[in-house]
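Notes follow the structure.
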Amino acid sequence: MINLVRNEMLKLLRKKRLYVIVLIIAFLVPLFTYAQFKEIQDQREKLGNQDWRTVLQQEITDTQNRLSSSRIQDEWRKYLKIRLSQQQYYLENDIDPRAPGAPTFMRIFVENSIDLLLPLLVMVIVADLVSSEASGGTIKLLLTRPVKRWRILLSKYLAMLLSVSFIVLSVAVLSYGISGVVFGYGGWNMPLLTGFSVSGDELITDNVHIVPQWQYILMEFGLVWYVCVIVGTLTFMLSVLLRSTAAVMGIMLASLIAGAILANMVSSWESAKYFFMVNLNLTNYVSGMATPIEGMSLGFSMSVLAVWGIAGFIIAFVTFSKRDIY
Amino acid sequence: MSQSPALEVENLTKRIKGKQIIKGVSFTLFPGEVFGFLGPNGAGKTTTIRMIVGLISPTSGTIKIGGRNVRTDFTEAMRHLGCIVENPELYPFLTGWENLEHFAKMDPSIPKSRLQEVITLVGLSNRIHDRVSTYSLGMRQRLGIAQALLGRPKVLILDEPTNGLDPAGIREMREFIRQLAREENLSVLVSSHLLSEIQLMCDRVAIISKGSVIRTDSVQNLLAEQERVIWKAEPLPLAKQLLSEETEVTEGADGTLITLYNEPLLPDWNEKLVKGGVKVKEMRTQLPSLEDLFLEVTGGESID
Amino acid sequence: MKKYTLTAVSIVSIAASLLWLFGLGWTLQDQFTANEKVEKPREKTESASTEKQDDKLTIVALGDSLTRGTGDADGKGYTGYLTDRLKEKTEQEINLLNSAVKGETSRGLLKQLQQREIQRQAKQADVIVMTIGGNDLFQQGAALESLDMNTINSKRQLYLSNVKKIYTQLRDLNKDAAIYHVGLYNPFSNLPDAKTTSSIVRDWNFQSAETAAEYEDIVYVPTFDLFQLQVESYLYTDQFHPNTEGYKLIAERVASLINFEQEEDES
Ligand SMILES: Nc1ncnc2c1ncn2[C@@H]1O[C@H](COP(=O)(O)OP(=O)(O)O)[C@@H](O)[C@H]1O
Ligand SMILES: [Mg+2]
């Protein structure tokens, strides 16, 4: 099995896909670092060299003012309200959730890329893992070896897991390394709050507790990894089912983008919460943001994703072991 | 041929989307023989081969490689098999060596030294560390064979191995296949739609048409049955008249007469012509092409 | 070299997998098991300086939509124009902290004053400006809900008691800052009921001023007269909030009350 996985890793590396992904991340991170830097600078200009508390307070006041407008959408109101209570909570506990620093950047970056950017990167790697063998005809050589089909597929699946881990690691290392140049490398021990939960438009703080930022980041990366593995598994399944890599990418792209759009507008369509793509934003539960649909929670979303993932895995393996290769 | 068969195919059928594509194919390969699988495009050669190598599952029938059933004992059966189905598609982004290493790693029984052996055998030593994307078709074909030989198989299956090769390449490939059978005691199954190929390369041949094997025999037998005599004689009409009294005569294109080959009677026919005042200028036997043969066995269905 | 890359990437990936798996496990453990609650308001205030910054004049603005600047085309409101005026008058850097919330009532402001950050800001202030009471008296800018004296009296009583608490609270937090409470004008002074409404607003202002007078350095700034005659030209299209011109009038009046030298001396 090790040999099989090694083969798959070799092919992945030789196809230069991982390399391209790392380049993409290395290109995007400075972009976001600059954006973040600009934002901080802008704030400084507007409010003078203020204490973060004042800045946060201003933000709270702004939010309150927006909330008092009657034209505001219900959805948005709910979101703002929860955000508001959370900011208030941070302020009361004298914790700055955005103290600049590379770890903070890392955290914000990964929170913002969990539902679209990272799944897309994973998809690019995984989409052709099986379909390229089918379209390139090499599958005929691969499957006429004295190795059972499920073992070959499993080796590909493991290679997929490894590359997902590698991508997530690249994101971690690059976002830390590059943003640190601007923001400094400290801030690992900064306290953060987690354990918020949302019920209706109320923020429930019963289980809120402080964790150091490094733990917070590790937890979030764990969730990011989980999301990427599920997206990877589903892409993998499509890659088994379809010969055309472009078709795999097309379908995944459409569902991921649909998920990003749906998350903003499905609140009244309750059964939409069983789609995998509206459940990708797991880090929101850790930081305590409003959920797109009533009744969603970390446990719920993780279970929905797990069900999709397991189904995808089974479909992939059953089809692959039985299928006629023409 | 008293050895146990290397490959046994029995009553193989395949139905795809309600269409019967293979209709009960049976044949047997013995060690050291080159077996031809001859049929026009669309006859079902590739489909049969795909079933043999386990890429598609037969609707019914059994396949045994070295005595192991492909369906129930897949891994063991595959250990004795090397194949190229249709084109030799390898990983273009890997070097020849990496490709071979890749496939060698999939079978732990293949020692590392085997790589060098097969590379030498197919004569690819010079370019083995180049990317496959830079290879010519002939080189890919050879690399394909190298990969098929990695596991020291008992049975080698080549689907249209000379497709797309130039005449020199075709000759080289033909000699190489014969050499493998002779020196390594390998059974080789070669499919082709080209009659000349099979005729020159194979010991035995199965003729397949529309999903059924319509004839299996040794090349010698098939040819012998159809051996003919070509006459060049003057005057032609008289010769034809005299001969037709003895046997069936057809007129060749270039002013020749063609009769069946019948060894004991031949001197008598000749004598009769001479006595009748015909000058016999030339008299030779001719092996028919498999084309003629094919036309005959399939009852006029043309190839290509 | 190529082999080395493959091995390195594989090992790194395996290590990363374990790390992320661990992170995931930790998340599950952390999020799904009960945790001890945060030790409530920790006294730690590392960098939360409540010290006044000597080089700056800090203006803290509190209250409702008027202080927020609703109706001003530039969104500055009287606080913005006030700051502009003061900047002309002095070289000192001026730092405006506007925590006003649209629709705030006296009760809401009192609640807001319990927030730590607002308290901290109040402590830092050199000048506090505020508008409050408009939402207690008027109903969402529509009109007076009813002209029934009893209702209005009880509203006023409630308001006055809140305002007292607000004043007390602000004074507790900051002994020195001058507090300017900008009073009410009558936005309905050109409507049929003008006589009654004006009398109600006047009365309201009077009582507020009386209350302010009980405290040291709390100035109740009248605006009634500013809007009395040409109310349409100073009102925004909602016929309730001031427009840019209206805000400028208020700013001017407040600016004229702020005695610079004195503020600087005090600080
Ligand atoms: N996947 C498929 N679906 C339907 N028909 C097929 C499929 N593959 C092959 N066939 C049909 O089966 C017949 C045999 O094809 P094939 O085995 O490729 O012929 P050969 O290799 O002898 O040229 C053809 O008529 C072809 O149309
Ligand atoms: Mg074919």
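Given the structure is predicted, the values throughout are model-derived calculations rather than measurements. All chains are named by letter (A, B, ...) in the order of the sequence lines, taking the proteins before the strands, and each is independently numbered beginning at 1.
- Close approach to chain A, defined as a heavy atom under 4.5 Å from one of its heavy atoms, is seen in C/Val9, C/Ser10, C/Val12, C/Ser13, C/Ile14, C/Ala16 of residues 8-16 of chain C, taken by number.
- With a threshold of 4.5 angstrom between heavy atoms, A/Val229 does not approach chain C through any atom at all.
- The 12-atom threshold is not exceeded at OH of C/Tyr236, counting heavy atoms of other residues, nucleotides or ligands nearer than 6.0 Å.
- The closest side-chain heavy-atom distance from C/Arg68 to A/Thr61 is below 4.5 Å.
- With a 4.5 Å cut-off on non-hydrogen atoms, A/Ala172 touches chain C through its side chain but not through its backbone.
- The structure places CG of C/Leu24 at 13.5 Å from CZ of A/Phe221, a figure rounded to the nearest 0.5 Å.
- In terms of heavy-atom pairs under 4.5 angstrom with chain C, the leader among A/Leu162, A/Leu161, A/Leu18 is A/Leu162.
- Surrounding CZ of C/Arg107 are at most 12 heavy atoms belonging to other residues, nucleotides or ligands under 6.0 Å away.
- Between chain C and the options A/Leu10, A/Ile167, A/Val5, the largest number of non-hydrogen pairs under 4.5 Å is found for A/Leu10.
- For C/Leu18, no part lies under 4.5 angstrom from a heavy atom of chain A.
- Taking A/Phe109 as the reference, A/Phe32, A/Phe105 meet the ring pair (Phe, Tyr, Trp, His ring centres under 6.0 Å) condition, with sequence neighbours excluded.
- Within the 4.5 Å cutoff, the side chain of A/Leu218 has no heavy atoms near those of the C/Thr27 side chain.
- Ranked by heavy-atom pairs under 4.5 Å with chain C, the list A/Ala159, A/Ser163, A/Ser165 is led by A/Ser165.
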One pair to check against side-chain contact (heavy atoms from CB on, under 4.5 Å): A/Gln57 and C/Arg120. What are the steps and the verdict? CA-CA 11 Å; A/Gln57 179 60 49; C/Arg120 205 178 61 85; over 6 Å; no
Could you go through C/Asp30 and A/Gln215, starting from their C-alpha distance and side-chain angles, then the distance that decides it, and tell me whether this counts as side-chain contact (heavy atoms from CB on, under 4.5 Å)? CA-CA 10 Å; C/Asp30 184 272; A/Gln215 184 193 340; 3.6 Å; yes
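- Contacts of C/His181 classified as side chain to side chain donor-acceptor pair (under 3.5 Å), with partners at least two apart in sequence or in another chain: C/Tyr167.
- Atoms CH2 and CG, from A/Trp225 and C/Leu21 in turn, are 4.5 Å apart once rounded to the nearest 0.5 Å.
- The side-chain contact (heavy atoms from CB on, under 4.5 Å) search around C/Asp172 returns C/Thr168, not counting sequence neighbours.
- For the atom pair CZ (A/Phe166) and OG (C/Ser17), the distance works out to 11.0 Å, reported to the nearest 0.5 Å.
- Contacts between A/Tyr285 and chain C at a heavy-atom distance below 4.5 Å involve the backbone alone (N, CA, C, O).
- In terms of heavy-atom pairs under 4.5 angstrom with chain A, the leader among C/Gly25, C/Gly23, C/Ser65 is C/Gly23.
- At a 4.5 Å heavy-atom cutoff, the contact between C/Gln112 and chain A is made by side-chain atoms alone.
- Heavy-atom pairs under 4.5 Å with chain C peak, among A/Arg6, A/Met219, A/Met9, at A/Met219.
- Listed for the C/Trp20 side chain is no donor-acceptor partner under 3.5 Å among the backbone atoms of A/Tyr226.
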